[in-house]
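Naming: A, B, ... by sequence-line order, numbering from 1 per chain.
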2 protein chains.
Amino acid sequence: MALYAEHGFEATTVADIAERAGLTKRTFFRHFADKREVLFDGSKDLEEHFVAAVLAAPEAAAPLDAVAAGLDATAEWFTGRREYAARRQRIVAETPELQERELIKMASLAGAVTGALRTRGVADPAAGLAAEAGVAVFRIGFGRWVADGNTAPMDHVLRDALAELRAVTAG
Amino acid sequence: MALYAEHGFEATTVADIAERAGLTKRTFFRHFADKREVLFDGSKDLEEHFVAAVLAAPEAAAPLDAVAAGLDATAEWFTGRREYAARRQRIVAETPELQERELIKMASLAGAVTGALRTRGVADPAAGLAAEAGVAVFRIGFGRWVADGNTAPMDHVLRDALAELRAVTAG
DNA sequence: CCTCCTGATGACACTCAGTGACATGCCTGC
DNA sequence: GCAGGCATGTCACTGAGTGTCATCAGGAGG
């Protein structure tokens, strides 16, 4: 990530990274499927936490309340990682290739959350829509959380964003 | 697209495409930024129609109603293209690389719609959330529209999905 | 009719991501 | 100590994507 931050993602070759790490290009590709994946190491873990929290929500909770529980779990997951997340975000934000990868991770998250909601007995397409909406809240909230000047903790930011979503879709 | 459908996206080289088209690889890349972009030729046009409809919605319309107008416009745009859209969708669905590209086009659409809503005087983050939710409705509705067995027209499918979203976020 | 200019294409060489195949060395369990 | 696995290195290769220069067709103007 140091190299990506210094020279930009595109200008950094896999050979550069491998050399910095004291490895071979070939070995790099044994650890990461491709050059982008380096920056998405934690996404599987995050997804699992989100899903677990959705599944663990009270049985009586409405779909979007279960999603809210998942959002709380992501906020907890990111505790103490704000600076790292912000630096990483800056790199992703300036590289379309990385944005694509970020988006497919978000889509994977949405798919996993959809599955969790179905497990809770939520029907289609409500499950998918609640999950997509929840991930939209996450994405927008995350952006505000890592933005310069923000001091609010992530759970507050996410709760605000969710309330905003409820308001805008009301009626 | 014939080649993609026949041999799969990954197994089709740009040289293959160029040969079929009676061109050179180099010329191919003068028309398309990359191998994926071939399948996303119309996305800019779709985006413009969506945005125009959002902007043209009655001034009194609520944010999500303006988005609904945009969704109607996309339904109209797809009129007569269902078979093409379905074939294309099949190719995209089986190729992660293409899904990534699809997602960034959706994100671009969401961004454009967000801008349109802001122009209408919708504040942040409501504009972004309404746009993201609207695009989620589009994506899920589109999937149902091109699915085997569906006979309902696209505007109906989209309206249903939007109603579903409203129901699931209510309260 | 000739010329000049422009825009599209071809030809060619190059970088770099990513993969397959095989060799090597290290560590572990027997 | 040894056999068998596992991580790494080496090498060669394919294919995407780019930069550069040459070629060619067509239109504007003399």
Undergrad: Using a strict heavy-atom distance below 4.0 Å, which residues from residues 89-96 of chain A are in contact with DNA chain C?
TA: none
Undergrad: Could you give the side-chain donor-acceptor pairs of residues 70-78 of chain A under 3.5 Å, partners two or more places apart or in another chain?
TA:
| unit_1 | atom_1 | unit_2 | atom_2 | d |
| --- | --- | --- | --- | --- |
| A/D72 | OD1 | A/R159 | NH2 | 3.3 |
| A/D72 | OD2 | A/R159 | NH2 | 2.8 |
| A/T74 | OG1 | A/L71 | O | 2.7 |
| A/W77 | NE1 | A/D45 | OD2 | 2.8 |

Undergrad: B/H31 side chain N/O closer than 4.0 Å to the phosphate oxygens (OP1, OP2) of C/dA8?
TA: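 For C/dA8, OP1/OP2 do not have a side-chain N/O of B/H31 under 4.0 Å.
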Undergrad: Got B/L103 and A/E100 here, is their nearest side-chain heavy-atom distance under 4.5 Å?
TA: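 A side-chain contact under 4.5 Å is absent here.
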Undergrad: Of A/E94, A/E83, A/E102, which meets salt bridge (Lys or Arg N to Asp or Glu O under 4.0 Å) against A/R88?
TA: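 Of the listed residues A/E94, A/E83, A/E102, the salt bridge (Lys or Arg N to Asp or Glu O under 4.0 Å) partner of A/R88 is A/E102.
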Undergrad: Set out, line by line, the N/O atom pairs under 3.5 Å between protein and nucleotides 10-17 of chain D.
TA:
| unit_1 | atom_1 | unit_2 | atom_2 | d |
| --- | --- | --- | --- | --- |
| D/dA16 | OP1 | B/V14 | N | 3.3 |
| D/dA16 | OP1 | B/K35 | NZ | 3.4 |
| D/dA16 | OP2 | B/V14 | N | 3.3 |
| D/dG17 | OP1 | B/R36 | NH1 | 3.2 |
| D/dG17 | OP1 | B/R36 | NH2 | 3.4 |
| D/dG17 | OP2 | B/K35 | N | 2.9 |
| D/dG17 | N7 | B/K25 | NZ | 3.2 |
| D/dG17 | O6 | B/K25 | NZ | 2.9 |

Undergrad: Does A/Y4 have A/R90 sitting over its ring (NZ/CZ under 6.0 Å from centre, angle to axis within 45°)?
TA: no
Undergrad: Which atoms form the tightest heavy-atom contact between A/W145 and A/A85, and what is the distance?
TA: CZ3-CB, 4.4 Å
Undergrad: Between A/E47 and A/S108, is any side-chain donor less than 3.5 angstrom from a side-chain acceptor?
TA: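 Side chains of A/E47 and A/S108: pair found under 3.5 Å.
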Undergrad: CG of A/D16 versus C1' of C/dA17: gap in Å, rounded?
TA: 13 Å
Undergrad: Rounded to the nearest angstrom, tell me the gap between atom CD in B/E19 and atom P in C/dG10.
TA: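 Checked: the CD to P distance equals 13 Å.
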Undergrad: Between A/K105 and A/E37, does at least one N-O distance fall below 4.0 Å, as a salt bridge requires?
TA: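 Yes, charged N to carboxylate O under 4.0 Å.
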Undergrad: Atom CG of B/L23 to atom P of D/dT23: distance rounded to whole Å?
TA: 21 Å
Undergrad: Indicate, with yes or no, if A/V38 and A/M106 share a hydrophobic cluster defined by side-chain heavy-atom contacts under 4.5 Å among Ile, Leu, Val, Met, Phe, Trp and Tyr.
TA: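 Unlinked, A/M106 and A/V38 end up in two clusters.
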